[in-house]
There are 2 protein chains.
Amino acid sequence: MESTDLTFRSQEILRAVVNLFVETGEPVGSRTLSKRAPIACSPATIRNILSDLAEAGLLTKPHVSAGRMPTDLGYRIYVNGLMGRHEPTAEERLTIEAGYSREIRQVEQILAHASRVLSELTNQAGLVLLPGGGQLEFQHIEFIRMAGRQVLVVIVAKSGLVQTRIAAIEEDLLQEELDRISRYLNDEFKDLSLREVRQKIVERMREDRDTFDQLYRRALELSRRAFVEGAEEGGETLVVEGASRVLSQPDFSGDVEKLRSLYRAFEEKNKLVQLLDRCLASAEVAVFIGAENQIEGMDDCSLVARCLYVGGKPLGTIGVIGPKRMHYDRIIPLVDWTADSLAQFISHGEAR
Amino acid sequence: MESTDLTFRSQEILRAVVNLFVETGEPVGSRTLSKRAPIACSPATIRNILSDLAEAGLLTKPHVSAGRMPTDLGYRIYVNGLMGRHEPTAEERLTIEAGYSREIRQVEQILAHASRVLSELTNQAGLVLLPGGGQLEFQHIEFIRMAGRQVLVVIVAKSGLVQTRIAAIEEDLLQEELDRISRYLNDEFKDLSLREVRQKIVERMREDRDTFDQLYRRALELSRRAFVEGAEEGGETLVVEGASRVLSQPDFSGDVEKLRSLYRAFEEKNKLVQLLDRCLASAEVAVFIGAENQIEGMDDCSLVARCLYVGGKPLGTIGVIGPKRMHYDRIIPLVDWTADSLAQFISHGEAR
DNA sequence: GTTAGCACTCCCCGAGTGGGAGTGCTAACC
DNA sequence: GGTTAGCACTCCCACTCGGGGAGTGCTAAC
């Protein structure tokens with residue numbers, strides 16, 4: 001279904017319905033439409049068109065004698081081609097940028113702050129996804145010897161993300177040995193992604209099972225502990241900011257079950273992570289409307305998200321989630337602009 | 001007000017009221033009481049006693065012709081002396097312990113998992129507070145040189161907590177120099193708490209403002225960047241698990257505002273952190289009932305928490321938060337037992 | 001193709017009502 | 001004197017009923 005299938009007037013009316021419905025939250029009728037929208041025909045004509053749009057699956061009504069409201073498809077057509085883009089106001093831009101001027105911080109904090117601001121400006125929940133697992137590019141590894149045959153592993157990714165974990169080792173190694181190992185690995189894993197690092201380790205372990213080189217063997221074993229173990233569980237970080245704002249949205253009042261599913265999704269994360277991962281493919285804003293997000297119980301919510309590319313590499317995803325009835329025309333440009341501005345800020349090296 | 005001010009029968013009845021109310025959520029009347037509780041007197045007598053308890057401020061009723069429900073004070077008396085302790089069942093213990101048998105992880109993950117299990121078993125939200133800031137004991141610091149005059153600082157606390165931050169430096173230092181500095185600092189800060197470390201740095205900087213020792217000056221400057229800057233913002237980590245479970249509690253249905261405040265408290269954290277910090281003083285379960293928690297809008301919620309002491313040092317706090325109407329007799333022993341068992345597990349060195 | 005008119009549908013809201021649960025008081029009882 | 005039965009009274013709640021209103025869909029005229 002494309003919006004081009006519709007006559008100009010149908011488009012006008014669909015746009016007006018969505019706009020009005022998003023604003024008021026009430027099903028809109030032909031009468032309201034003829035009064036509050038710039039449409040040059042009578043309620044009766046509008047009714048005919050509304051009826052057509054409903055037949056095409058773009059509008060529904062909650063009951064026979066009620067006004068119309070958009071379906072998921074209706075929103076989709078609206079978002080794809082009918083809505084105007086309301087670019088963020090100067091004030092909004094300032095609010096977003098205000099977060100940058102703080103002292104230098106780590107990527108995750110910059111993004112988290114951005115999502116907090118997004119949540120504030122949109123009155124929805126803000127999301128940040130930091131890719132973990134394989135997506136990251138290796139930059140540096142360091143081992144720190146601790147008591148009790150434990151080694152603190154610090155892995156730094158090119159994006160500036162830092163992962164730490166504690167690994168147990170069988171034989172007690174001196175810090176010097178650890179340093180030699182990390183020097184070796186830093187050299188070895190240069191410019192690889194963590195996924196490639198992992199593959200490389202597994203390969204090497206298979207190939208050189210019987211090597212007698214102590215250092216090499218220890219390095220392999222230690223890097224296995226550091227990279228492979230526990231890595232399959234993702235490592236992506238999903239941060240949700242301002243979830244409480246969604247609570248007060250009138251759309252959910254009286255429907256605790258809807259809310260519950262939303263919050264459960266926030267907690268379980270994996271579903272949302274999957275969804276957000278899909279945004280990694282492109283640097284465009286992705287919009288999932290209602291049931292499009294494929295998360296059960298969340299068919300009343302929409303997600304607007306965009307991946308942040310810095311230096312050609314995806315750094316993370318920021319976005320906003322809230323009731324389907326949201327101001328797409330304002331929120332989409334806002335997320336868009338925020339991502340752009342963040343990417344620019346980060347790539348200018350003020351922070352990393 | 002002590003429970004000893006009450007006659008034996010009053011105590012019996014108060015206990016019965018709380019038990020029944022916690023179970024059903026409905027105000028309990030004299031009739032129900034005489035039927036469903038082991039009390040050897042008629043509804044009329046019970047009514048008299050209920051009236052006394054109400055006068056003493058332990059019970060209220062939502063309206064004139066309704067049954068009684070406990071006030072905060074009523075719950076307090078109940079918790080302090082009247083309730084029986086229902087120790088966790090074998091099954092519950094197994095569920096809790098099941099989390100330990102996984103591969104070794106960092107403290108925060110062990111605690112987070114415990115709180116997830118607590119949330120599951122109690123159907124409330126689980127909380128973990130990891131002390132940050134000054135409370136931690138210094139164990140190790142390490143600097144890792146990164147591109148663009150930035151240094152990754154890794155601070156390891158005795159408890160096993162790892163903090164990383166990125167500091168910018170004016171002059172580019174070689175990794176060797178950084179290593180020398182960290183060796184020096186590791187020696188210098190041995191056995192201090194982070195708060196003491198911070199104080200020490202500030203003092204030294206004042207005293208030795210004009211030193212000419214390069215290494216020393218750089219070490220001071222770098223450690224200021226590492227410890228002092230940005231440290232005032234707490235650094236405590238609060239993790240809330242299973243917040244969505246509270247949503248479906250019937251106590252809040254229809255009262256979105258209450259829910260909103262609760263969730264806002266989860267997000268803002270500082271209020272909750274303050275509250276949980278109070279638990280650090282002792283190794284006993286702390287219970288904050290209703291308005292006792294002093295958080296506005298959360299006077300319908302109770303918090304049960306206990307600090308985890310390992311080796312005489314507080315390692316963190318775990319707890320449970322939910323509607324005031326909760327099974328204190330089951331939840332308090334559960335939190336208690338979980339904390340004990342966790343502390344034991346951690347101190348046995350299986351993880352740190 | 002557009003519009004006015006009109007019958008019809010269905011929600012929503014407020015008023016009215018009866019039942020039920022529970023209290024508090026009084027008076028009798030042990 | 002504490003305990004109990006009886007009873008009037010209060011108040012909530014769930015249900016029903018009916019009118020008003022918003023909106024539709026159809027038809028017929030423009």
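Reckoned from all heavy atoms, side chains included, excluding hydrogens, waters and symmetry mates. Reminder, nothing fancy here: chain letters follow the sequence lines and each chain counts from 1.
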Between the protein and nucleotides 4-8 of chain D, which nitrogen or oxygen pairs are less than 3.5 angstrom apart?
{"residue": "D:dT4", "atom": "OP2", "partner": "B:S42", "partner atom": "N", "Å": "3.0"}
{"residue": "D:dT4", "atom": "OP2", "partner": "B:S42", "partner atom": "OG", "Å": "3.4"}
{"residue": "D:dT4", "atom": "OP2", "partner": "B:T45", "partner atom": "OG1", "Å": "2.4"}
{"residue": "D:dT4", "atom": "O5'", "partner": "B:S42", "partner atom": "OG", "Å": "3.4"}
{"residue": "D:dG6", "atom": "O6", "partner": "B:R47", "partner atom": "NH2", "Å": "3.2"}

Discussion item. Please report whether the ring centroid of B:F266 lies less than 6.0 Å from that of B:Y263.
Written reply: yes
Practice prompt. Answer yes or no: is there an ion pair linking B:R15 with B:E12, defined by an N-O contact shorter than 4.0 Å?
Written response: yes
Worksheet item: Looking only at side chains, do B:S244 and A:E267 share a donor and an acceptor under 3.5 Å apart?
Response: yes
Worksheet item: Is the distance from OP1 or OP2 of D:dG25 to the nearest side-chain N or O of A:K61 less than 4.0 Å?
Response: yes
Worksheet item: Which nucleotide in the set C:dG24, C:dT23, D:dG23 lies at the smallest distance from any side-chain heavy atom of B:S51?
Response: C:dG24
Fill in: Partner nucleotide, any strand, of D:dC26 [Watson-Crick/G-U, under 3.5 Å]
C:dG5
Worksheet item: Taking atom types as modelled, is there a side-chain donor on A:N80 or A:R76 under 3.5 Å from an acceptor on the other?
Response: yes
Discussion item. Please report the interatomic distance CG(A:L20) to CZ(A:R68), rounded to the nearest 0.5 Å.
Written reply: 14.5 Å
Discussion item. Would you compute the distance between atom CZ of B:R264 and atom OG of A:S248 and round it to the nearest 0.5 angstrom?
Written reply: 7.0 Å
Worksheet entry | Parallel, tilted or perpendicular: ring planes of A:Y328 versus A:Y78, cut at 30 and 60 degrees | perpendicular
Worksheet item: Quick one: A:L50 CG to C:dT3 P, roughly how many Å, whole number?
Response: 14 Å
Worksheet item: Taking only side-chain nitrogens and oxygens of B:T32, does any of them come within less than 4.0 Å of OP1 or OP2 of C:dA21?
Response: no
Worksheet item: Stepwise, does the salt bridge (Lys or Arg N to Asp or Glu O under 4.0 Å) test hold for A:D299 with A:K258?
Response: CA-CA 9 Å; A:D299 44 343; A:K258 296 279 175 202; 3.6 Å; yes
N/O-N/O pairs, protein side and nucleotides 11-15 of chain D side, under 3.5 Å:
{"residue": "D:dC11", "atom": "O2", "partner": "B:S65", "partner atom": "OG", "Å": "3.1"}

Pairs under 3.5 angstrom, nitrogen or oxygen only, protein versus nucleotides 28-30 of chain D, please.
none

Worksheet item: When the distance from CD1 of B:I49 to C1' of D:dT3 is rounded to whole Å, what number comes out?
Response: 10 Å
Discussion item. Tell me the interatomic distance from A:R31, atom CZ, to D:dG25, atom P, rounded to whole angstroms.
Written reply: 16 Å
